Amino acid sequence: MNVPAPTVRPGGNSTALVLTGGGARAAYQVGVLLAISKLAGKQRRRNPFPIICGTSAGAINAVGLACQADNFGRAVTTLASFWRNMKAGDIYRTDPIGVGAAGARWLSALAFGWLLGRPPRSLLDNSPLHSLLHRNMDLAGIDRAIRRGALHAISISASGYDSGQHINFFQAATDAQPWHRSQRIGVKTELSIGHLLASSAIPFIFPATRINREYFGDGSMRQIAPLSPAIHLGAERLLIVGAPRRDEHRERLHNDDYPSLAQIAGHALSSIFLDGLAVDIERVERINRTLSAIPEDLRQASGIKLRPIDTLVISPSERIDRIAAEHAHTLPWPIKLLLGGIGAMNRRGGALTSYLLFEKPFTRKLIDLGYADTLARAGEIGDFLEL
């Protein structure tokens with residue numbers, strides 16, 4: 001949303017990149033970034049986004065860019081290799097023993113919870129993701145990029161389970177200041193792998209991560225103003241990747257089948273990951289229209305400190321849950337067995353599957369889709385980013 005003009009302003013370009021959450025769906029963002037790198041041509045080394053904000057899996061992409069912000073083209077190529085060669089086993093345990101143990105813990109908790117001293121923490125064990133991030137993320141590169149002026153700020157979001165607060169952890173130039181609003185806080189810190197694990201801890205599916213005194217989960221939870229971190233950090237233009245399409249209206253068909261657990265879970269996750277962002281985009285545009293009707297001198301005389309924020313949204317042109325349903329068979333068989341029991345391996349369960357389908361056929365399809373969607377709007381995007 002629009003906020004009072006900050007004391008912090010990045011020099012020159014004030015464009016921010018906002019990357020949404022969504023588990024394996026975040027592969028779409030990489031295709032968009034590849035297309036932007038292509039559109040940049042000889043300027044592809046220059047980072048067009050001095051402010052980068054990410055949530056959940058989008059936080060991983062955001063930090064991947066920030067680590068190599070002094071060479072945008074190389075950063076995007078590295079991310080593309082990361083996602084094109086993805087396997088579910090790189091993110092969470094897919095072996096029969098690991099999956100079987102998780103399933104047994106949940107069944108025991110449901111049947112004999114009163115006897116268990118320690119209930120299960122999550123459906124899946126994401127310890128492989130911890131190792132993957134350690135191998136692939138050079139977090140020291142963030143500070144180098146800031147010192148060289150290639151990056152102003154990188155922010156990632158997480159939700160505190162005890163406080164109920166939505167925290168934006170950011171690493172930035174020395175003049176960037178923290179902020180405090182109702183139920184959302186900006187905390188200046190040096191980002192770590194723990195922050196990434198916390199931001200991407202999808203509720204119930206992946207375990208919470210402790211940072212300092214509190215356990216944190218996925219940054220999309222309780223995220224009432226997803227665009228605010230970028231604006232607080234000085235952005236005046238926002239490129240938002242992954243928001244739901246506005247023209248996508250699903251017809252309500254007659255159906256006598258009761259929704260499966262997977263369908264209900266997918267519906268809930270889509271609400272967490274997408275609804276808040278769609279509402280915030282509409283809020284920004286509504287305030288922009290209001291401000292445009294008030295002359296600048298009258299705004300200043302009246303003490304109205306809000307400023308217009310330009311936005312450009314890139315959304316998938318195809319329904320990702322349908323693509324996921326077509327590729328669900330590529331999951332390792334223990335995961336297919338686990339998810340099949342709750343109805344996630346059919347068309348109606350595609351939404352849930354799409355968040356967990358970290359397999360090459362699916363991620364590559366999304367990368368190609370993001371690439372094509374972006375090039376289809378090459379002129380508009382080039383003008384917005386001044387490429």
Side-chain angles (χ1 to χ4, degrees), residues 1 3-4 6-8 16-23 26 51-66 121-122 126 129-130 133 137 139 142-143 146 151-235 238 240 242 269 271-277 279-280:
M1 88 220 104
V3 297
T7 56
V8 180
L17 175 67
V18 180
L19 300 175
T20 62
I51 300 169
I52 305 174
C53 301
T55 301
S56 193
I60 294 175
N61 287 339
V63 170
L65 285 177
R121 294 190 171 189
S122 61
N126 69 341
L129 176 60
H130 186 276
L133 294 175
M137 295 291 178
L139 296 179
I142 296 177
D143 184 60
I146 292 173
L151 180 70
H152 176 71
I154 163 72
S155 172
I156 64 176
S157 304
S159 182
Y161 279 116
D162 290 325
S163 67
Q165 292 179 324
H166 188 265
I167 310 296
N168 301 287
F169 297 102
F170 70 95
Q171 189 168 340
T174 55
D175 55 350
Q177 298 299 315
W179 62 89
H180 195 299
R181 297 292 185 271
S182 177
Q183 294 302 310
R184 49 192 174 91
I185 299 173
V187 176
K188 194 171 186 179
T189 187
E190 184 174 326
L191 296 179
S192 67
I193 298 299
H195 292 101
L196 289 176
L197 292 172
S199 183
S200 58
I202 300 175
F204 301 110
I205 295 176
F206 296 140
T209 297
R210 188 181 185 90
I211 300 176
N212 299 325
R213 62 182 180 275
E214 186 176 7
Y215 278 97
F216 287 86
D218 197 289
S220 296
M221 295 187 293
R222 309 199 71 172
Q223 191 178 37
I224 60 175
L227 304 182
S228 67
I231 298 172
H232 278 293
L233 291 168
L238 309 179
I240 306 156
L269 289 178
S271 176
I272 291 172
F273 285 116
L274 301 175
D275 290 355
L277 179 60
V279 170
D280 208 21

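In what follows, residues are counted from 1 in the order of the sequence shown. Being a predicted model, the structure only gives us computed values, none of them experimental.
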Contact check, side chains of [X] and [Y], non-hydrogen atoms, under 4.5 Å:
X: S163; Y: E214; answer: yes
X: N126; Y: P207; answer: yes
X: N168; Y: W179; answer: yes
X: T189; Y: H195; answer: yes
X: D175; Y: H152; answer: yes

Next item on the list: May I ask you to check whether over 12 heavy atoms, not counting those of N212, lie within 6.0 Å of atom CG?
Entry: no
Notebook entry, point to check: Okay, side chain of N61, backbone of L19: is any donor-acceptor separation there less than 3.5 Å?
Noted result: no
For [X] against [Y], the heavy-atom pair lying closest together:
X: A172; Y: K188; result: O-CE, 3.8 Å
X: S56; Y: G21; result: CB-CA, 3.5 Å
X: I202; Y: G23; result: CD1-CA, 4.4 Å
X: H166; Y: M221; result: CD2-O, 3.4 Å
X: S122; Y: I205; result: CB-O, 3.4 Å
X: I60; Y: M137; result: O-CE, 3.4 Å

Check: Does any pair with a residue in residues 196-211 pass side-chain hydrogen bond (donor to acceptor under 3.5 Å, both in side chains), and if so which ones, sequence neighbours excluded?
Finding: none
Between [atom1] of [X] and [atom2] of [Y], what distance do you get to the nearest 0.5 Å?
X: L133; Y: S192; atom1: CG; atom2: OG; result: 10.5 Å
X: S228; Y: R181; atom1: OG; atom2: CZ; result: 8.5 Å
X: L151; Y: Q171; atom1: CG; atom2: CD; result: 8.5 Å
X: L191; Y: I154; atom1: CG; atom2: CD1; result: 6.5 Å
X: I231; Y: L238; atom1: CD1; atom2: CG; result: 5.5 Å
X: L196; Y: L139; atom1: CG; atom2: CG; result: 6.5 Å

Notebook entry, point to check: Name the one of I51, L65, I240 that satisfies side chain to side chain contact (heavy atoms under 4.5 Å, CB included) with L17?
Noted result: L65
Next item on the list: On the 0 to 90° scale, with breaks at 30° and 60°, tag the F169-F216 ring pair as parallel, tilted or perpendicular.
Entry: perpendicular
Margin query: Walk me through whether S157 and Q223 qualify under side-chain contact (heavy atoms from CB on, under 4.5 Å).
Written below: CA-CA 8 Å; S157 304; Q223 191 178 37; 3.7 Å; yes
